[in-house]
Amino acid sequence: MTDILETGLTPLEEARHGFRRELLDAGLLIASASAGVYGRSATFEAVLTGLDRVLTELTAPLNATALRFPPVYPRADFELTDYIASFPDLSGVVSSFEGGDREHRELLAAREAGERWDGYLTPADVVLTNAICHPLYATLRGRMPAGGGVYDILGWGFRHEPSADPMRMQSFRMHEFVYVGEPDAAQEYRDTWLDKAVDALSGLGLPVTPVAANDPFFGRAGRMLVSEQLRDNLKVELTVPMYGDLHEGTAIASANCQRDHLTAAFGIRTAGGEVAHGACLAFGMERTVLALLRVHGLDVNDWPLDVRARLAL
Ligand code: ATP
Ligand code: ZN
């Protein structure tokens, strides 16, 4: 064990670095020059694929419409989500070069001189997707069918939160099951599927605990949104203790009542014409794989047979 006084790390930071080091040494994750940006090994992907099968089987009774979106979506839709107001520090905006030869020569001269050249770029009309349900909402403008709709969305999310904790990546996959429709049904959907998610994850040997949660809304205005989220119990996270007593646990999934937060902005109505409500059950795919590796060990060949069977490993 490295001496804390030598490294200046707290015991929790030490534990996070240690887990990261083990994952890299085992070849499960491959480090890059950016914190929280990793390659994944074939074994890591096999566990993730197996987990995805478990989630797909679990949610089969929903008859969800499966849709896949790319990891970028229109800036105009990003505007409507209000993400830049609530989480400016997590966002990722794409830029590219739109100048001519003269501006390109200036860019190259700046680069040659070792200066910053990103000032020569212009924001593009797409941004990185932060929550993979956002591109879905943008497609639902207008009236929902009677009873609402359920959607199965899997994709890559970006959050600008570089960290040494392997549980906190900048680019990772989420599998979300989203209901959009009647307000009462949205609340009921959230509660029902939260319970089913607890059972499915527990069945894989994961010690999950549901915890009332709040998002890291930015700044002073954000603090009001946090208190609303907690007061009305809008978001529940399923957490797993990853670092023993050093940390209260990390969320591997969340179930969220979005109320009319996105539906009002995107002009989505119920069949009866009211503003629809949204609810989503979101699984963090990498985090769940990492929790499985933490609980059952880094060698998947040594995992309990029933867990291996469920994951088709
Ligand atoms: P909303 O749709 O309102 O933005 P959400 O419920 O879709 O919220 P989050 O709860 O923020 O989104 O994220 C969903 C899941 O993604 C989390 O429970 C977690 O497992 C995973 N996740 C979130 N941030 C990270 C990260 N930095 N690295 C890895 N996984 C993450
Ligand atoms: Zn969502």
Side-chain angles (χ1 to χ4, degrees), residues 16 20 23 29 34-38 40 44 48 51 55 64 67 69 73 78 80-87 89-92 128-138 140 150-180 186 189-190 193-194 197-198 201 206 208-218 222 225-226 228-229 234-240 242 249-263 265-266 277-292:
R16 287 173 165 157
R20 179 175 183 276
L23 292 161
L29 291 182
S34 290
V37 179
Y38 300 97
R40 282 88 166 141
F44 188 100
L48 193 140
L51 170 66
L55 300 181
L67 296 171
F69 295 96
Y73 78 119
F78 175 70
L80 290 174
T81 66
D82 247 5
Y83 202 85
I84 200 66
S86 295
F87 310 103
D89 49 337
L90 300 183
S91 63
L128 301 182
T129 305
N130 308 106
I132 55 151
C133 56
H134 291 173
L136 165 72
Y137 280 98
L140 298 178
V150 185
Y151 303 90
D152 159 336
I153 314 288
L154 169 67
W156 288 86
F158 172 84
R159 308 235 172 125
H160 174 249
E161 45 184 359
S163 168
D165 182 359
M167 293 293 270
R168 192 165 296 286
M169 297 181 169
Q170 294 203 63
S171 185
F172 56 93
R173 276 157 288 180
M174 294 174 236
H175 201 151
E176 290 201 23
F177 299 89
V178 184
Y179 172 82
V180 182
Y189 171 90
R190 199 282 299 261
W193 285 92
L194 177 67
V198 170
L201 295 171
L206 295 173
V208 288
T209 311
V211 179
N214 56 276
D215 282 326
F217 292 107
F218 190 82
L225 295 169
V226 171
E228 184 199 352
Q229 208 173 35
L234 296 182
K235 181 167 189 173
V236 179
E237 285 177 340
L238 300 181
T239 66
V240 173
M242 294 293 291
T250 310
I252 59 169
S254 68
N256 226 335
C257 278
Q258 269 137 346
R259 290 189 167 159
D260 65 355
H261 165 56
L262 292 163
T263 42
F266 285 103
H277 277 202
C280 72
L281 175 65
F283 295 90
M285 298 306 291
E286 278 79 0
R287 278 195 185 174
T288 308
V289 172
L290 292 173
L292 287 164

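Numbering of residues begins at 1 and proceeds along the displayed sequence. Counting starts at 1 for both ligands and their atoms, following the listed order.
- The protein heavy atom nearest to atom 28 (N) of ligand 1 is Met169 N, 2.9 Å.
- Taking atom 6 (O) of ligand 1 as the reference point, the nearest protein heavy-atom neighbour is Ser254 OG, 2.8 Å.
- Side chain to side chain, Gln258 and Tyr137 meet the donor-acceptor criterion of an N or O pair below 3.5 Å.
- The protein non-hydrogen atom at the shortest distance from atom 17 (C) of ligand 1 is Ala251 O, 4.4 Å.
- The protein atom (non-hydrogen) at minimum distance from atom 26 (C) of ligand 1 is Phe172 CE2, 3.3 Å.
- Shortest contact from atom 30 (N) of ligand 1 to any protein heavy atom: Arg287 NE, 3.3 Å.
- Here the protein heavy atom with the shortest distance to atom 1 (P) of ligand 1 is Gln258 NE2, 3.6 Å.
- Annotation: Phe177 is not in aromatic contact with Tyr151 [ring centroid separation under 6.0 Å not met].
- Just one residue in the list Arg159, Arg168, Arg173 forms a salt bridge (charged side-chain N to carboxylate O under 4.0 Å, His left out) with Glu286, and that residue is Arg173.
- Residue-level proximity to ligand 1 for Cys133 is carried by the side chain, the only part with a heavy atom below 4.0 angstrom.
- Those atoms of ligand 1 with a heavy atom of Glu176 less than 4.0 angstrom away are 7 (O).
- At the Zn ion (ligand 2), the angle from OE1 in Glu176 to SG in Cys133 is 90° when rounded to 10°.
- Within the listing of ligand 1, atoms 1 (P), 3 (O), 5 (P), 6 (O), 8 (O) sit less than 4.0 angstrom from a heavy atom of Asn256.
- Polar contact with ligand 1: absent for Cys280 (N/O pair, distance under 3.5 Å).
- For the pair Arg16 (side chain) and Pro166 (backbone), a donor-acceptor distance under 3.5 Å is absent.
- The Gly284 neighbourhood of ligand 1 comprises atoms 16 (O), 20 (O), 21 (C), with distances under 4.0 Å to a heavy atom of that residue.
- Taking CG of Leu281 as the start and CG of Leu194 as the end, the distance is 7.5 Å to the nearest 0.5 Å.
- The contact set between ligand 1 and Ile252, taken as ligand atoms under 4.0 Å from a residue heavy atom, comprises 18 (O), 20 (O).
- Residue His175 holds its NE2 atom at 12.0 Å from OG1 of Thr288, rounded to the nearest 0.5 Å.
- Close approach to Ala253 involves these atoms of ligand 1, each under 4.0 Å from a residue heavy atom: 18 (O), 20 (O).
- Smallest separation of non-hydrogen atoms from Met285 and Leu55: SD-CD1, 3.8 Å.
- The nearest non-hydrogen atom to atom 10 (O) of ligand 1, considering only Met285, Lys235, Glu237, comes from Lys235.
- Summarising the geometry of Arg287 relative to Ala251, their closest heavy-atom pair is NH1-O, 2.9 Å, with the distance given to 0.1 Å.
- Nearest to atom 29 (C) of ligand 1 by heavy-atom distance, out of Met167, Arg159, His261, is Met167.
- The minimum heavy-atom distance linking Trp156 with Ser171 is given by the pair CE3-OG, 3.5 Å.
- Counting atoms of ligand 1 from 1 in the listed order, those under 4.0 Å from a heavy atom of Ala131 are 2 (O), 4 (O).
- Under the 30°/60° scheme for interplanar angles, the aromatic rings of His160 and Phe158 are found to lie parallel.
- In terms of modelled atom types and a separation under 3.5 Å, the side chain of Arg259 and the main chain of Cys257 share no donor-acceptor contact.
- Of all protein heavy atoms, the one lying nearest to atom 27 (N) of ligand 1 is Glu161 OE2, 2.7 Å.
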